[in-house]
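As structure tokens, the structure follows; a few thoughts come after it.
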Amino acid sequence: MTDEKINIFDVDSRTLVKDLTFARLYYINEIDLFEVEYQANCLIDQKEAMQIIQANREFNNSSNRLAMATATKEYFNMTPEARVIFSEQMKLDVGFQKMALVVNNLAYRILSNFFIRFNRPVVPTKVFNSRKKALDWLLE
């Protein structure tokens, strides 16, 4: 995929679906991508995980879209209970084909790899340190 094609789907092409204060949910219609962008200084627990799942259900247009979770802001953490909820809900009804996790430091990479290894998402899931690489993989 060329850089020219990927630039069409930069951050500015996203539509804000919902702002949950601890996370913003975006959608890029052209590539059917649902993105969760975690905000700074947040801890995602069961309650927050269920709010994200519920927002996805409300927005769901019955398509098999791509998913990206972006955790690049200062201090972000997710409890084991939240990881289980995300993993279980993907098994039930979220409807993603692939998921990319975008991180910017070693701690987030470890947390993301832990999620992939131990919670075993049912869709192919990979960790990336750049949004462009994540989009390239999602679109291949």
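A heavy-atom distance below 4.5 Å is found between the side chains of Leu139 and Ile31. For the pair Gln39/Thr21, no side-chain contact is recorded, criterion being any heavy-atom separation below 4.5 Å from C-beta on. Annotation: side chain of Tyr38 is in contact with side chain of Ile52 (closest heavy-atom distance under 4.5 Å). Taking the side chain as every heavy atom from C-beta outward, Thr15 and Ile28 never approach each other to under 4.5 Å. Within the 4.5 Å cutoff, side-chain heavy atoms of Leu20 are placed close to those of Leu25. Side-chain contact between Leu135 and Leu33 is present, with at least one heavy-atom pair separated by less than 4.5 Å.
With hydrogens and angles disregarded, no donor-acceptor distance shorter than 3.5 Å links the side chain of Lys98 to the backbone of Met68. Put simply, the side chain of Thr125 gets close to the backbone of Val123: a donor and an acceptor are under 3.5 Å apart. At distances below 3.5 Å, not a single donor-acceptor pair connects side-chain atoms of Thr70 with backbone N or O atoms of Glu37. Asp45 contributes no side-chain N or O that, together with a main-chain N or O of Lys47, makes up a donor-acceptor pair within less than 3.5 Å.
Distance check: Arg120 CZ to Ser87 OG gives 10.0 Å after rounding to the nearest 0.5 Å. Distance check: Asn104 CG to Thr72 OG1 gives 5.5 Å after rounding to the nearest 0.5 Å. Between the SG atom in Cys42 and the CD atom in Glu74 there is a gap of 11.5 Å [rounded to 0.5 Å]. If you take CG on Leu16 and OH on Tyr26, they are separated by 5.5 Å, rounding to the nearest 0.5 Å. Summarising the geometry, atom CZ belonging to Arg14 is positioned 12.0 Å from atom CZ belonging to Phe34; distances are rounded to the nearest 0.5 Å.
The two residues Phe22 and Ile44 make their nearest non-hydrogen contact at CD1-CD1, 3.4 Å. Looking at every heavy atom in both residues, Asn119 comes nearest to Arg83 through OD1-CB, 3.4 Å. In plain terms, the two heavy atoms of Ser112 and Val103 that are nearest each other are OG-CG1, 3.5 Å. Here the shortest heavy-atom pairing between Leu66 and Leu138 reads CD1-O, 3.7 Å. Closest non-hydrogen pair, Ile85 versus Met50, comes out as CG2-SD, 3.5 Å. Residues Phe115 and Pro121 come closest through the heavy atom pair CE2-CG, 3.4 Å.
Below 30°, between 30° and 60°, or above 60°: for Phe76 and Tyr108 the angle between ring planes is above 60°, a perpendicular geometry.
One hydrophobic cluster, built from ILVMFWY side chains closer than 4.5 Å, holds both Ile116 and Val122. Linking ILVMFWY residues whenever their side-chain heavy atoms come closer than 4.5 Å, directly or via other members, leaves Val84 and Phe118 in distinct clusters. Leu43 and Ile53 fall into different hydrophobic clusters, defined by Ile, Leu, Val, Met, Phe, Trp and Tyr side-chain heavy atoms under 4.5 Å apart, directly or through other members.
At most 12 non-hydrogen atoms from other residues, nucleotides or ligands lie less than 6.0 angstrom from NZ of Lys133.
In this structure, Glu35 does not pair ionically with Arg24, as no charged nitrogen and carboxylate oxygen lie closer than 4.0 Å.
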